[in-house]
There are 2 protein chains.
Amino acid sequence: MVHNGIEYGDMQLIGEIYDLMHRLLKLDNESMQSIFSDWNEGDLDSYLIEITKDILGYKEEDGTFLLDKILDTAGQKGTGKWTGISALHESVPLTLIVESVFARSVSSQKDERLAASKVYGLAPNHPVSDPKAFVTMLGKALYAAKIISYAQGFSLIKTAGETNNWDLNLGGIALLWRGGCIIRSAFLDKISQAFTKNPMLQNLIMDPYFVQILKENHQSLREVVSAAALNGIPIPSLSAALSWFDSYRTERLPANLLQAQRDYFGAHTYERVDKKRGKFFHTNWTGRGGDTASTTYSV
Amino acid sequence: MVHNGIEYGDMQLIGEIYDLMHRLLKLDNESMQSIFSDWNEGDLDSYLIEITKDILGYKEEDGTFLLDKILDTAGQKGTGKWTGISALHESVPLTLIVESVFARSVSSQKDERLAASKVYGLAPNHPVSDPKAFVTMLGKALYAAKIISYAQGFSLIKTAGETNNWDLNLGGIALLWRGGCIIRSAFLDKISQAFTKNPMLQNLIMDPYFVQILKENHQSLREVVSAAALNGIPIPSLSAALSWFDSYRTERLPANLLQAQRDYFGAHTYERVDKKRGKFFHTNWTGRGGDTASTTYSV
């Protein structure tokens, strides 16, 4: 199941990168084919990059590109949804894959999108100053987001293993996905090495090899997310990757406010940074007496 | 259930805006309190904005702000997850609320975040050139994202109603949420009016009133997402809102590539833009014979 969820994520990421090349940089299919071909010789070497390269170059008998004539409504068979549901049950933030599942749903709402595109008109336009440098950033952003997606996927497997008392060999699972699988790639060897070297590894992005790559590449992911936001190109999975990464690397998140809100309206209590963990406090925020200020259920 | 899911989204959005004020603009609690107080007089007028204002101003007996001492690990009781699972089952893109549910999960991984913050160091720093104008943009971005979240939530109710043959009055449901509910706001009246005026309304963001507001505010959402990405402030729900909006308003998404990939490795077939909808085509992409190029399950 998680293999297939990761596959949804990989395909969505490649689609977002293709969309940025196509609509923002206005590259033609042959230029894109040549970029994917180059990428397939480096860190991104994988089956899905390879077939994307083939697809970009495929011409019909009349010499026109087939890709341009394919309808943009994606189907799905359900394993992506299943992975997302499992992640929600396990409380594992599997943000990138869930966004990729929802992206297929939006794509299938073709008539609604057509109507909305007429009402809202063209997207804003903030051309990229150096398209060649931007292509390099796209490759780095794709690699960073891919690492994050696999980190989330392996985190789900790890957590489900703990929940169910399964004795899982995460490094072995990574190796398993090389043979004949759609997400097969050189990259899986690195994942396997990370978990073999340290079977207690809390999260893939804490392995020194991946720390180094993310340090080199996260700036590109930022630039790409920023450019896409300003240009109206949807990048649900790339931006989910960045937000998760920035949450995970943040010592202090704004959840203090959220806990205060929950305590305010539902007396859910909170912990304090200046007191021992596991001690819970409640405040009568309004000073008007009574413990809660609302009548709805607690969340 | 959807009321509570929307509540998760609203609280996460306010948290992200607070984080941007606090960590990016370096505003103190009293300045933030005054901004939330202003916002509560306008379009954002709501119970959650009001209590946020109270919380920002609450001081302990020693004169220090309580909010700063609350631990940033959010709890949850399950209705957010339930809403997300329902959306996955119904294939309704409920991206913002699901991100808000996952954000609570990341917040609760405090020890992991602490470790990651040490390894990855400080976030990048790209100061905002005009903080005052940025505060105005934050208010507009929050309003735009809130509309998008409610649009997604009502879309889930509408779809579930169709699935289950429930005769739902969406305008009436909006009104129901005013009385005593945590998401109560002036804004719910506008939603009610939209669905009462047009019970067949496909999506809230297609109602003329909300079209106008989104046209006025989406640029601010873009600027905020871009600034947050460059500054390493996690904004999972704000960016999910923008990506969904940009997907929904896009006539042609990159799902053509995704369908080509699915046809390449799994012979899942595709439709064509130059042929009638409902006719399915398959291509032997490699020209090497055989229908599929992979041995894994189809997705």
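Residue numbering restarts at 1 for every chain, and letters A, B, ... go by the order of the sequence lines.
Qualifying ring pair (Phe, Tyr, Trp, His ring centres under 6.0 Å) partners for B:F65, counting only residues two or more places apart in sequence or in other chains: none.
When each of A:A116, A:G121, A:P208, A:A103 is checked for heavy-atom pairs under 4.5 Å with chain B, A:A116 comes out on top. For chain B, the option among A:H22, A:Q12, A:K110 with the highest count of heavy-atom pairs below 4.5 Å is A:K110. In terms of non-hydrogen atom pairs under 4.5 Å with chain A, the most contact-rich of B:N231, B:N203, B:T269, B:L214 is B:L214. Between chain A and the residues B:L114, B:T95, B:L48, the largest count of heavy-atom pairs under 4.5 Å involves B:T95. The candidate with the highest count of non-hydrogen atom pairs below 4.5 Å against chain B, out of A:L122, A:L56, A:I205, is A:I205. Considering only heavy-atom pairs separated by less than 4.5 Å from chain B, the leading option among A:L66, A:D68, A:V224 is A:L66. Among B:Y18, B:F102, B:F281, B:Y58, the residue with the largest count of heavy-atom pairs under 4.5 Å with chain A is B:F102. When each of A:R23, A:E223, A:Q219 is checked for heavy-atom pairs under 4.5 Å with chain B, A:R23 comes out on top. With chain A as partner, the option from B:K69, B:Q202, B:E60, B:K215 having the largest number of non-hydrogen pairs under 4.5 angstrom is B:K69. Contact tally against chain B (heavy-atom pairs below 4.5 Å) for A:D19, A:I51, A:L258: the top residue is A:I51. Put simply, of B:I233, B:V273, B:L238, the one with the most heavy-atom pairs under 4.5 Å next to chain A is B:V273.
The contact between B:Y270 and chain A is made entirely by side chain atoms (from C-beta outward), counting heavy-atom distances below 4.5 Å. Contact annotation for A:L67: both backbone and side-chain heavy atoms come within less than 4.5 Å of a heavy atom of chain B. Using a 4.5 Å cut-off between heavy atoms, A:V101 touches chain B through its side chain atoms alone. Within the 4.5 angstrom heavy-atom criterion, atoms from both the backbone and the side chain of B:L230 approach chain A. Neither the backbone nor the side chain of A:A227 has a heavy atom closer than 4.5 Å to any heavy atom of chain B. Contact annotation for A:V98: only side-chain heavy atoms (C-beta onward) come within less than 4.5 Å of a heavy atom of chain B. Using a 4.5 Å cut-off between heavy atoms, B:I14 touches chain A through backbone and side chain atoms alike. At a 4.5 Å heavy-atom cutoff, the contact between A:V92 and chain B is made by backbone atoms alone. Of the two parts of A:E271, the backbone and the side chain both hold a non-hydrogen atom closer than 4.5 Å to a non-hydrogen atom of chain B.
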Candidate pair A:L253 and B:R113, rule side-chain contact (heavy atoms from CB on, under 4.5 Å), full reasoning: CA-CA 9 Å; A:L253 289 172; B:R113 289 193 284 109; 3.5 Å; yes
Would you sort out whether A:H268 and B:K77 count as a side-chain contact (heavy atoms from CB on, under 4.5 Å), showing the intermediate values? CA-CA 10 Å; A:H268 288 292; B:K77 299 236 163 186; 3.6 Å; yes
Self-check item: Audit row: B:I55, A:L257, side-chain contact (heavy atoms from CB on, under 4.5 Å) steps and yes/no
Solution: CA-CA 8 Å; B:I55 290 165; A:L257 174 59; 4.0 Å; yes
Derivation and outcome, side-chain contact (heavy atoms from CB on, under 4.5 Å), residues B:W285 and A:D54:
CA-CA 8 Å; B:W285 294 87; A:D54 290 349; 5.8 Å; no
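Using modelled atom types and a 3.5 Å distance limit, the side chains of B:Q261 and A:T52 yield a donor-acceptor pair. A:E112 and B:Y248 are linked by a side-chain donor-acceptor pair at a separation below 3.5 angstrom, with hydrogens and angles left out of the test.
Residue B:E251 holds its CD atom at 7.0 Å from NZ of A:K118, rounded to the nearest 0.5 Å. In this structure, A:S247 OG and B:E16 CD are separated by 8.0 Å, a value rounded to the nearest 0.5 Å. One distance of note links CG of A:L242 with CD1 of B:I235; it measures 8.0 Å at 0.5 Å rounding.
Two residues are said to be in side-chain contact when any heavy atoms from C-beta on lie closer than 4.5 Å; A:Q109 and B:P93 meet this criterion. Residues B:P124 and A:R222 have side chains in contact (heavy-atom distance under 4.5 Å, counting atoms from C-beta outward). For the pair B:M206 and A:V119, the minimum side-chain heavy-atom distance is below 4.5 Å. Under the 4.5 Å side-chain criterion, counting only non-hydrogen atoms from C-beta, B:P234 is in contact with A:T250.
Taking every heavy atom of both residues into account, A:D246 and B:G232 meet most closely at OD2-CA, 3.3 Å. Scanning all heavy atoms of the two residues, the minimum distance from B:F265 to A:I182 falls at CD1-CD1, 3.1 Å. Shortest non-hydrogen contact noted between A:S243 and B:P236 is OG-N, 3.2 Å. Nearest heavy atom pair, residue B:E99 against residue A:A240, reads OE2-CB, 3.4 Å. Closest non-hydrogen pair, A:R104 versus B:R262, comes out as NH1-NE, 3.5 Å. For the pair B:R249 and A:A123, the tightest heavy-atom approach, listed with the atom from each and the gap, is NH1-CA, 3.6 Å.
Using a 30° and 60° split on the angle between ring planes, A:Y264 and B:Y47 fall in the perpendicular class, above 60°.
Under a 3.5 Å cut-off, the side chain of A:Q259 and the backbone N or O of B:I70 do not form any donor-acceptor pair.
Taking a cutoff of 4.0 Å between a charged side-chain nitrogen and a carboxylate oxygen, A:D111 and B:R277 qualify as a salt bridge.
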Check residues 80-89 of chain A and write down every donor-acceptor pair under 3.5 Å in which the side-chain atom is one partner and the other belongs to a residue at least two apart or another chain.
from	atom 1	to	atom 2	distance (Å)
A:K81	NZ	B:S91	OG	2.7
A:T83	OG1	A:M1	O	3.2
A:T83	OG1	A:T79	O	2.6

